[in-house]
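Data block below; observations after.
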Amino acid sequence: MDLEALRRYSALHPKPAGLTLQYGTAGFRSRAEQLDHIVFRMGLLAILRSKAVTATIGIMVTASHNPEEDNGVKLVDPLGEMLHPSWEEYATQLANAEEQELQKVITEICQKAEVNLHKDASVFIGRDTRPSSKKLSQSVIDGIQVLGGQYHDYGLVTTPQLHYMVCCQNTQGQYGKATLEGYYEKLSKAFMELIKQSHCSGENQKHLKIDCANGIGALKLSEMKPYFPQEVVIHIYNDGTKEKLNHLCGADFVKVQQKPPGGLDMKPNERCCSFDGDADRIVYYYKDTAGHFHLIDGDKIATLISIFLKELLAKVKQDFKMAVVQTAYANGNSTRYLQETLKVPVHCVKTGVKHLHHKAQEFDVGVYFEANGHGTVLFSKTAETKIRQLVKEEKDDEKREAAKMLENMIDLINQTVGDAVSDMLVIEAILALKGLTVQQWDALYTDLPNRLLKVQVADRRVIDTTDAERRALTPPGLQEKIDALVKKYKLSRAFVRPSGTEDVVRIYAEADTQVRQGVMKEVCFHTCHLTMLNKC
Ligand SMILES: CC(=O)N[C@H]1[C@@H](OP(=O)(O)O)O[C@H](CO)[C@@H](O)[C@@H]1O
Ligand SMILES: [Mg+2]
């Protein structure tokens, strides 16, 4: 370690006095001006991680759906997964070390994680379109150079594109080519192969309006447009040329507000969707002829994909274990539909993609989605090998064709992480193949009315939860109050948990009717009361 270089460079990226930040659900997130020392140090950490696992590590500069003034950074592990939890702790230690302790903390991490500093290191960097992202990614490079590692700066990419690149690199190209062209070619080829079998579904069905949240998704979709076949015609809105990132638009806005984004003119029954700021989430929606807005969220996306995959799996007649993974925020009727009508096992895990991803890895086919539209499908190595073998060797036509569709699904889905572009193509292919309109898809089940609120409390850590965050252990008395309340309403469910990304407590409630006036109001009151809030 070149101590002189470390001292010199870290002085160029000073830590503001008294500032502590934590590597949370989605890395570090804060106001952009507080992050320079953090990204520099994450450059250092990426080198250590790369040396520890002898593989390329990714660093993405983005704050996803947060306001434009914010920014953030997250590390990507070798196969495109989120950073391993044991290293989240190192990330927090390194981020919060005072300048004079920096070398000591690095040495400690090297000892604990058995990092051999003499090994080679390589890092892939990506960033979103925020005004602050370019400069921050330059600071990442400073960190990388201090500890002496190779890097490739992909510049502007979506978060899932960077995850894809890292996975390609570390599988020596088995997952695909680690270039943007490689990504576009892989997805468009699989998509075209898939929809070959769809019967022409009419001019209207071809069109899709996409709200890109004024973010990176717009740039990358435009680049990808030439690769799209004529069966899909996309119309890009909120492309970042006029309005601010995530302002009154994007997947998070549409999901939380349960209303259409600004900047997208929606005619009755038109199929529309929204990406979030770094294009790893997607939700669909439409307006009916009476002008009512219908949201099709991550739960309904998971349901559509599960129906399609289950049918194909039945045709290939293999003993593959399939399951859906959700969080507590999944609408109760989606869980009921999946379990009771579709007869697919459903598992509930803690909020945050890493928990869903981890659980989904237990199955041959693991479909996971957060209600907010972040999700993907994981295929086990065994399932993938078997499917590819059936495509080559199976004599029975129906079985071989089903295997072929599954193979194309494997190639179309970004298995490293939720990906708005890839998920959109998966959905468009399924709708075309099944000849479903957006209304028919929506009508699979009816969402229970629900509300998601956030409240600020003096210290959100007073709330401790269990049972995949569905029950509060502390403060004393809170769960009892919630239990008593939900008993009063049919199909009702409510829970309270501290957010992992913001300094707020989230309150969720659903019931068959009038949830806003009923459960939500009262749960909110008790949470406020029992956590001794500042405001509510
Ligand atoms: C209710 C909700 O949407 N929570 C989001 C949000 O987490 P919180 O821990 O609830 O702040 O941000 C996470 C990261 O983007 C995302 O994975 C998660 O789904
Ligand atoms: Mg995102």
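The first residue of the sequence shown is numbered 1, and numbering continues consecutively from there. One-based numbering, in listed order, for ligands and for the atoms of each. Keep in mind that the numbers below use all heavy atoms, side chains included, and drop hydrogens, waters and symmetry copies.
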Practice task
For the Mg ion (ligand 2), decide whether Asp252 has an N, O or S atom at a distance under 2.8 Å.
Solution key: no

Problem - Geometry at the Mg ion (ligand 2) - Asp276 OD2 versus Ser64 OG angle, rounded to 10 degrees - result: 90°

Practice task
Compute the angle centred on the Mg ion (ligand 2) spanning OD1 of Asp280 and OD1 of Asp278, and express it rounded to 10 degrees.
Solution key: 90°

Handout entry: Test: Lys186 cationic atom under 6.0 Å from Tyr175 six-membered ring centre, within 45° of axis
Key = yes

Nearest protein heavy atom to [atom], by residue and atom, and its distance?
{"atom": "atom 16 (C) of ligand 1", "result": "Glu370 OE1, 3.5 Å"}
{"atom": "atom 10 (O) of ligand 1", "result": "Arg506 NE, 2.6 Å"}
{"atom": "atom 5 (C) of ligand 1", "result": "Asn372 ND2, 3.9 Å"}

Practice task
Return yes if some donor-acceptor pair links the side-chain N/O of His65 with the main-chain N/O of Asp276 below 3.5 Å, else return no.
Solution key: no

Practice task
Could you tell me whether the side chains of Tyr183 and Asp419 share a donor-acceptor contact shorter than 3.5 Å?
Solution key: yes

Taking distance alone, with no angle check, do [X] and ligand 1 share an N/O pair under 3.5 Å?
{"X": "Thr501", "result": "yes"}
{"X": "Thr351", "result": "no"}
{"X": "Pro498", "result": "no"}

Handout entry: Within 6.0 Å of CD in Gln258, more than 12 heavy atoms from elsewhere
Key = yes

Exercise for the section: Answer yes or no for His374: is there a heavy-atom contact with ligand 1 below 4.0 Å? Expected result: no

Problem - Arg497 to ligand 1, any heavy atom closer than 4.0 Å - result: yes

